[in-house]
Amino acid sequence: MSADLGFVHVFHPAVTPDAPILLLLHGTGGNEHNLVPLKDALMPGAGVLSPRGQVLERGMPRFFRRLAEGVFDTEDLKQRTHELAGFVTRASAHYGFDEGRVVAAGFSNGANIAASLLLLEPETLAGAILFRAMVPLVPDPMPSIPSTPVFVSNGRTDPLVAPAETERLTELLRTAGADVTLAWQQAGHELTAGDVAQARDWLTRARIRAPRTP
Ligand code: MLT
């Protein structure tokens, strides 16, 4: 745990100021350390901001409450999405990184709150890598995501995320304006080497938007 910014978290600065800061968002039962090794696999020069989800489900950290598998507590999700966006803003001021360079990389529950950030707080993320994400919620009105590059990587045989759900998510994000790349893995819900290799290639090519002007 570094500075108290509202979330227990890990922060590592980027090698250069123009490199992305990866907002690493773990899955159910994970913590702020789990995905840190992913940074070197995705982009060694990137920075890391990795918070721990604040909901405990039978002792397992998550980023928002659910009522059952795949059935989310939407009010809780909304509130926690705004809290996570506030954390990113505070972390940017505290550590001195450019908030316009934050790219989420989330798995499962972490990917779901990353998708929720895109939909409810579109200014928070310059891009997002979503591993095994579902539709977190359907906002009304729909936001306008300014061509934010998003990489969705899901498994064809995932027992938790049906292919139709993945299509619904990509359609929702595209309708909001995101520039979505969808990658299918011959896999279930678990993260595979193929996911990481394709996400790395995508991140190298993605047009992460220029730093914000104050
Ligand atoms: C999980 O187990 O984390 C779910 O599949 C995704 C979620 O609940 O957000």
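In what follows, residues are counted from 1 in the order of the sequence shown. Read the numbers this way: they start at 1 and go in the same order the structure lists the ligands and their atoms.
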Taking the six-membered ring of Phe64, is the NZ or CZ of Arg66 close enough (under 6.0 Å from the centre) and on axis enough (within 45°)? no
Going by the atom numbers of ligand 1, which of them fall below 4.0 Å from some non-hydrogen atom of [X]?
X	answer
Phe72	7 (C), 8 (O), 9 (O)
Leu160	5 (O)
Phe64	9 (O)

For [X] and [Y], work out which heavy atoms get closest and say how close.
X	Y	answer
Ala19	Ala46	CB-CA, 4.3 Å
Thr89	Glu99	OG1-OE2, 2.8 Å
Thr192	Gln185	OG1-OE1, 4.2 Å

What's the shortest distance from [atom] to any protein heavy atom, and which residue and atom give it?
atom	value
atom 6 (C) of ligand 1	Asn112 ND2, 3.4 Å
atom 5 (O) of ligand 1	Glu69 OE2, 3.0 Å
atom 2 (O) of ligand 1	Arg66 NH1, 3.2 Å
atom 3 (O) of ligand 1	Thr28 OG1, 2.6 Å
atom 8 (O) of ligand 1	Arg62 NH1, 2.8 Å

Do His82 and Glu121 meet the criterion of a side-chain donor-acceptor pair at a distance under 3.5 Å? yes
Do Thr28 and Asn109 have side-chain atoms, one donor and one acceptor, less than 3.5 Å apart? no
Answer with yes or no whether [X] contacts ligand 1, where contact means a heavy atom under 4.0 Å from a ligand atom.
X	result
Ser108	yes
Arg132	no
Phe63	no

Parallel under 30°, tilted from 30 to 60°, perpendicular over 60°: which one fits the rings of Phe131 and Phe151? perpendicular
Should Leu119 and Leu137 count as side-chain neighbours, where that means a heavy-atom distance under 4.5 Å? yes
